[in-house]
Amino acid sequence: MDLEEKVPQQAPFTQHQQKWEDPSILDYSTRIKPPFQPFNQTHPAMLSDNQDEVLIQDGAVNELLQASEVQDWDPSAMLNNLSFLEQKIHQLQDLVHLIIGRKGQVLGRPDELVAQQQQLVTADLTSIIVQLISTAGSLLPSGKRTLSAATPSLEQSGQFGGVVFPSAQGLNDGVQPQNGCGSKVSELPNPVNVSRKNGNEQNHVIEEHELKDEEEDVEEGESLLPGTYELLQLEKEEILAPHTHFCTICGKGFKRDANLRMHMRGHGDEYKTPGALAKPTKDSGSEPAIIKRYSCPYVGCKRNKDHKKFQPLKTILCVKNHYKRTHCDKSYICSRCNTKKFSVIADLKTHEKHCGKDRWLCSCGTTFSRKDKLFGHIALFQGHTPAIPSEEDKEPAGPYDRGDGDQAANKIGSMNIKFSSNVSSETEAQSSVDIKGSIDDPAGYFSPLNFDTCNFGGFHEFPRSPFDDSESSFAFLLSGSCSYSQKSED
Amino acid sequence: MKFQSKRIHHHHPLSPLSSSNLFDILTEEIVCKILDHLHEDPFAIKSFSLACKSFYFIESRHRGSLRPLRAELLPRTFHRYPFVSHLDLSLCPCVDDGTLNVISSTWKATLKSINLSRSRFFTNAGLSSLFINCSGLVEVDLSNATHLTDLAASAIAEARSLEKLSLARCKLITDMGIGCIAVGCRKLKSLCLKWCLRVGDLGVELIALKCKQIRSLDLSYLPITEKCLNSVLELQNLEDLVLEGCHGIDDDGLSTLEQSCKSLKMLNLSNCQNVTHMGLSSLINGTEQLQQIILAYGSSVTSDLAKCLYTYSKLQSIKLDGCIITWSGIKAMACLRAPIKELSFSKCLGLTDDGLSFLVQSHKDMRKLDITCCRKITYTSIDSITSSCTSLTYLRMESCSLVPKEAFVLIGERCSFLEELDATDNEIDDEGLKSISRCSKLSILKLGICSNISDEGLAKVGSRCSQLKELDLYRSTAVNDVGISAIADGCPALEMINIAYNDKITDKSLISLSKCGMLKALEIRGCLGVSSTGVSAIAVGCKQLTVLDIKKCFNINDNGMLPLAQFSQNLKQINLSYCSVTDVGLVALASISRLQNMTILHLAGLTPNGLAAALLACRALTKVKLHASFRPLLSQSILGYMEAHGCVFHWRDKAFQKEMDPKGWKLHFGKNSREVA
């Protein structure tokens, strides 16, 4: 794996770039066609609770994927796969309905039946997941990376099989906390597991500096000489994936550090030691780390390593926010003013907090939440002047109905309340699913199954792109595992 | 007649054809030249224009400035003066939007300057029409317009050619309004924002960024910090910068300044307690042109502070009023490279003989010196000052209580160029006064509470100081009618005299003072020997009289008021408290069309009806001080009517004072107790 090699200089990147520019790779036609066959074969193994077995399966899958890599991608096969998956999902859905419906009756002797049900569901799920991965994998630009990406996913799917649903009760229990988790996912662009206080600096930076980090990078005017740091360039797909933990070897992103550590095992035996797998303690980062800087994959961007005045980005988070802000559509529209657009959801949230409080108005119509920003604007532009509201305008009501905006802002919160109350009754739980699905955020409710998120169109973590499908297939696994970890910690 | 009117309309030079009028021989040019020289006497122009129709016509075309007495008459007089460029409305308290509309539609672009500093009742709507129509406005004074908001400021921003703007005390205007002005009035050269408490760094900074031609900037008492000063100091033409009472400015902030203003000539840092020599040096760093620096009521004057000023070779004036003066500071000041011409040490308690003597010896070119209330200095200092600074023109030394009478002889002997001397509350006697009378250019002489001077000294002043304009003899009780007569005879230019609380003064003094045709202000409070006769003489003789204070002149009654009403048409301000004036006298006074300010407390013969009649008749009143007991007796509608016309009532509740000397002044004249109020 070329990316596995640590790349201290720019040279490897050029290599990497070349690889990208290779049209045979760019048209994504070299990748696999994921036959369902092999996965179906793995199915029985997945039913086992034994993780080692799953790992062995990993190897098998890898082989299969590698073997299929040379074959051309067949869209019709893809369609078949997807239809098949859809069918399977519906079946599983029915099964779960059934389980929910019967739950009241089996209360007397739950253990046995519950165990059976759980095994059944788990098996189906695992199979769906694995199939999805292979389908998605066919769309990934690099077959080799597909493998490395797929590997941990499978591990996680193994976890699903083994741990997530120890009992049928677990499924039910799962619903309630998932609500919280789901809403969290929808609120935060990069959900961070706060409970994990590992040494990963990025992890800490994220929430507080999300909006600032990129700017800070500029302000500091870093004067690192080229060559004194390791330069990494993530690809667009990786940037747009909702990850916060990145593999230093291959660059793959994860939502949780635990998942990353699991992933690291694929890179060699040294990562398989109990020490490497355990939660890193705070002082473990004391050894001098190689300074890493990042390059934006967008050619022509000042943050791209080929730019004349290249300024590297400091963290992966910087890369993500930079890329989204600069090179992506602004798909988040403020529900209050319906004018301001953002590509980073955190920016939208920040804006919405202050939207409507913009009382500093310029003659050009631009509003500012801070007076000094307005005055900076006026100082900069000839002919612009502070706009003084006439006496009639001084009524308390803003330019739009404030009530609506507040409603929108509270939507998520109220939804959560609704769902948690609904969950208390099984029959209503079903209806709540419908409600939720019809609204826009199934991620929370379905978290064990939340590979659906993208298809539902609710989980707008990033703008759609030609790669959407493949991205989402990774996203679902990771967000799924996210839900899992969240739950298991509870 | 037809011919004449036609000629007027066509602006033809006046021809001698109409031989019936000798004045027609004069060309319009000559008449205009004559008019240019008629500014001294406000009535001169009036009588000139009434001489004949052509003069009337020429005067109305020639008039460039107008200072109307009553705004409500303006609409009728506008068409008479089509070329007015300077409009001073400071006598009109009541200027509403309608008036401003008339003004703007009458003069349009002709109008160059307008003064609304004393006017109220107009709003941003009126200002908007003014600034849109009068695009030629260069100078606008909107001080004291405490009701104006940012909307008014955005109206001002329409005045694109505005160069001078005063917004002092416009407390409602914020950064936003100032921002509008900064963007709109790009030609501003002078801006006063004193007391605009809602204007901060952002507004000032924008002014500095947008109005690059600013020469004079008054930012007194603004809540600003050093943040805006970088931009302010970047102004290439800035000459005067006033930062009085800017408490947000301190040493730490000033130390971050990167800019220096090379053009700066005057810096006022009064009342900036947080600025020491450190801040000062970063503020004036690189200002080669610095001429005047005012550090009154600031940090103490140390050698460090004085050393800051060492290199400024053009420095002429330093004001350190109310500062703590150290000996080392004085020594360092003596070493300044520039010859200082003006020094002010008013109320500098630490100033000693040694320090002052040392200082004046190295600044011999001193012209102005203020050592008011420097109570440690003695004969030694005056000796040094007078021997070193012989070209002194201005000396203020009120209440220098340790200076003996002999010292004043030195002043007269050595400083013969003296134009202004304040020796209030000093030991000066007739010998000193005789010596000082050698200063033939003496124009202002203050001898209040100088009980040692008498007619003898005053006679000398009267005989030698013919240019005397102001004489203060407040509570100088040894002065008699003879001395006043000598002044009246020898000082025809006298404009102001105060003889208050002198019971030796009689009508004779006033009769002799009535010869002073230029007299504008007369204060004879508590002169029991004065009666209506004296006041009548003044009224007849002193046509320019504008301020008259006859408080506690119990012998003055209605008989004094009638001549005032008849002759003193320029009277603006009068204090009648305790006089024996009744309704009749007051109503008579009300006919004085210019009367604006009246104080009428404890008038024994005044009834509510008489007062009401007088108030209603007095159309120009802006301020009336009345006893609170009248408040319930006057009809609310009258008060409302007066207030709507711009009159402000001050209600006082002071008890009647029978004694002439309720505070025991006479007891305080001893040397050791000088607690003078």
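Each chain gets a letter, A, B and so on, in the order its sequence line appears, and its residues count up from 1. Just the heavy atoms: all of them, side chains too, but no hydrogens, waters or symmetry mates, feed the values below. Since the structure is predicted, the reported quantities are computational estimates derived from the model, not experimental observations.
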Using modelled atom types and a 3.5 Å cut-off, is there a donor and acceptor pairing between side-chain atoms of R303(A) and backbone atoms of S295(A)? no
Would the distance check show the side chain of H147(B) and the main-chain N or O of F122(B) forming a donor-acceptor pair, the cut-off being under 3.5 Å? yes
Top residue by heavy-atom pair count (under 4.5 Å) with chain B, among P386(A), G383(A), G376(A)? P386(A)
Max heavy-atom pair count under 4.5 Å with chain B, selected residue of S363(A), A387(A), A379(A):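 Ranked by contacts with chain B, first place is A379(A).
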To the nearest 0.5 angstrom, please state how far the [atom1] atom of [X] sits from the [atom2] atom of [Y].
| X | Y | atom1 | atom2 | value |
| --- | --- | --- | --- | --- |
| I178(B) | F375(A) | CD1 | CZ | 9.0 Å |
| R169(B) | S117(B) | CZ | OG | 11.0 Å |
| C246(B) | E226(B) | SG | CD | 11.5 Å |
| K330(A) | K340(A) | NZ | NZ | 9.0 Å |
| W107(B) | L87(B) | CH2 | CG | 5.0 Å |
| T366(A) | L361(A) | OG1 | CG | 8.0 Å |

Nearest heavy-atom neighbours spanning [X] and [Y]:
| X | Y | answer |
| --- | --- | --- |
| T350(A) | A346(A) | OG1-O, 2.7 Å |
| H307(A) | C301(A) | CB-O, 3.2 Å |
| C296(A) | Y323(A) | SG-CD1, 3.8 Å |

Classify the ring geometry between H351(A) and F342(A) as parallel (under 30°), tilted (30 to 60°) or perpendicular (over 60°).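 The rings of H351(A) and F342(A) sit tilted, inter-plane angle from 30° to 60°.
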Using a 6.0 Å cut-off, check whether atom [atom1] of [X] has over 12 heavy atoms from anything other than its own residue.
| X | atom1 | result |
| --- | --- | --- |
| K210(B) | NZ | yes |
| E643(B) | CD | yes |
| K262(B) | NZ | no |

Do any of [range] have a heavy atom less than 4.5 Å from a heavy atom of chain A, and if so, which, in residue order?
| range | value |
| --- | --- |
| residues 214-222 of chain B | none |
| residues 126-145 of chain B | none |
| residues 248-261 of chain B | none |
| residues 183-208 of chain B | V183(B), R186(B), L202(B), G203(B), L206(B) |

Is it true that S263(B) and N237(B) share a donor-acceptor pair across their side chains at a distance under 3.5 Å?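 Note: N237(B) and S263(B) side chains miss the donor-acceptor criterion.
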Answer yes if the side chains of N285(B) and S282(B) hold a donor-acceptor pair under 3.5 Å, and no otherwise. no
I would like to know whether V648(B) and R120(B) meet side chain to side chain contact (heavy atoms under 4.5 Å, CB included); could you show each step before the answer? CA-CA 12 Å; V648(B) 179; R120(B) 286 174 287 148; 3.6 Å; yes
With respect to chain A, which residue among D150(B), T174(B), I181(B) yields the maximal number of heavy-atom pairs within a distance under 4.5 Å? D150(B)
